[in-house]
Amino acid sequence: MEAIFENRIANDQKIEPKDWMPEKYRKTHIRQISQHAHSEIVGMLPEGNWITRAPSLRRKVALLAKVQDEGGHGLYLYSACETLGISRDELFEQLHSGEAKYSSTFNYPAVTWADMGAIGWLVDGAAIINQVALCNTSYGPYARAMVRICKEESFHQRQGFEIMLTLAKGTPEQKAMAQDALNRWWWPSLMMFGPTDAESVHTEQSMKWKLKRKSNDELRQQFIDQTVPQAELIGLTIPDPHLKWNPEKGSYDWGEINWNEFWQVVKGYGPCNRERISARRKAWDNGKWVRDAAMVYAEKRETDEFKKAI
Ligand code: BYC
């Protein structure tokens with residue numbers, strides 16, 4: 001069994017839910033896919049906060065659609081995760097108890113409208129770079145979910161960049177607001193790629209299983225190289241005094257991430273960790289009557305259909 005599994009991985013064939021897989025492969029996928037799903041759902045909160053305050057109908061419609069898309073991404077990912085033999089109730093329990101992580105970046109507040117631009121441009125931009133690599137991941141349901149998610153993330157990234165572009169071309173106050181949002185979201189976006197390769201406990205095994213196709217540092221570098229020219233194009237400055245083009249490497253050198261801050265946020269002590277988890281718990285508790293009603297209705301339909309059949 002193990003030899004067949006290894007052979008499939010070596011030949012870039014997808015592993016499907018009913019295939020035999022090592023227990024550690026299954027658990028690692030539950031960990032990563034569920035944390036990814038939780039990130040999408042918790043990621044709705046900072047932007048959801050701005051839907052009622054969007055500056056025009058066009059902006060409101062686009063932001064509403066984007067936040068709904070994130071909810072949809074969470075649902076595809078929870079479904080993919082359930083194929084590994086864990087229930088959605090268990091997954092939510094892990095999120096609410098703090099056992100499962102979600103992306104550190106969503107523990108920062110969205111304080112001005114420009115943050116909607118910075119989140120779309122940088123956070124979704126970072127997510128795409130990470131997720132394009134995951135379209136080719138070895139577990140079939142995860143890879144297929146990623147293909148659709150990436151298409152939607154491209155729209156999100158562009159709507160964010162367009163907000164930043166508009167603000168950067170606007171009044172001096174608007175440009176300052178865009179710069180301030182870039183200053184606050186730059187480093188949290190770089191942190192989304194996880195610890196350095198030297199510190200990453202899961203990368204080595206995940207690369208062998210082709211769960212991860214590129215390392216944390218490789219993806220982070222790719223994001224920086226892609227994003228710096230975009231900032232230059234709209235006349236904004238990346239808040240890193242050490243950022244410098246390195247012609248020999250053919251990529252940017254850049255400053256040190258504040259890893260202490262990263263781990264504090266990951267461990268639950270970021271600016272909004274408590275607020276985010278309590279919002280999710282509240283949504284779960286308030287939705288209980290809907291889940292209960294849906295279950296009763298499903299049982300009733302089943303009984304009715306059974307009665308009709310006999
Ligand atoms: N935040 O060994 P490592 C979105 C944890 S949402 C928190 O490198 P791995 C969007 C890591 O879990 C997109 N924790 O781990 C939504 C591990 O702890 P555990 C979110 C982090 O798994 C709404 C420990 O640190 N994307 O697009 O090999 C609006 C050691 O790390 C973080 C995904 O989830 C972090 N940033 O690599 C807008 C992508 N980084 O689990 C946008 C899928 C690390 O042992 N996930 N940790 O307790 C991945 O690609 C990988 O899981 C990571 C980490 C690159 C994130």
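Each ligand, and each atom within it, is numbered from 1 in the order the structure gives. Start at 1 with the first residue, then count along the sequence. Just so it is clear, the values below take in all heavy atoms, side chains as well, and ignore hydrogens, waters and symmetry mates.
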Heavy-atom contacts under 4.0 Å between [X] and ligand 1: side chain, backbone, both, or neither?
X      : answer
Lys66  : side chain
Gln131 : side chain
Val201 : both
Met191 : backbone
Phe106 : side chain

Aromatic plane relationship, Phe92 with Tyr78 - under 30° parallel, 30 to 60° tilted, over 60° perpendicular
tilted
What is the ring orientation for Phe223 with Phe193, classed by angle as parallel under 30°, tilted 30 to 60°, or perpendicular over 60°?
tilted
Going by the closest heavy atom to [atom], which one wins out of [options]?
atom                    : options                      : answer
atom 5 (C) of ligand 1  : Lys101, Arg220, Glu204       : Lys101
atom 25 (O) of ligand 1 : Phe193, Tyr102, Trp263       : Trp263
atom 37 (O) of ligand 1 : Lys212, Arg213, His202       : Lys212
atom 6 (S) of ligand 1  : Ser103, Gly160, Ser34, Ser39 : Ser39
atom 39 (C) of ligand 1 : Val123, Asn130, Leu122       : Asn130

Residue pair Asp225 / Pro229: nearest heavy atoms and the distance that separates them
O-CD, 3.2 Å
Can you tell which of Asp19, Thr137, Asn136, Ile9 makes a side-chain contact (heavy atoms from CB on, under 4.5 Å) with Lys14?
Asn136
Give me the residue, atom name and distance of the protein heavy atom closest to atom 47 (N) of ligand 1.
Phe262 CZ, 4.3 Å
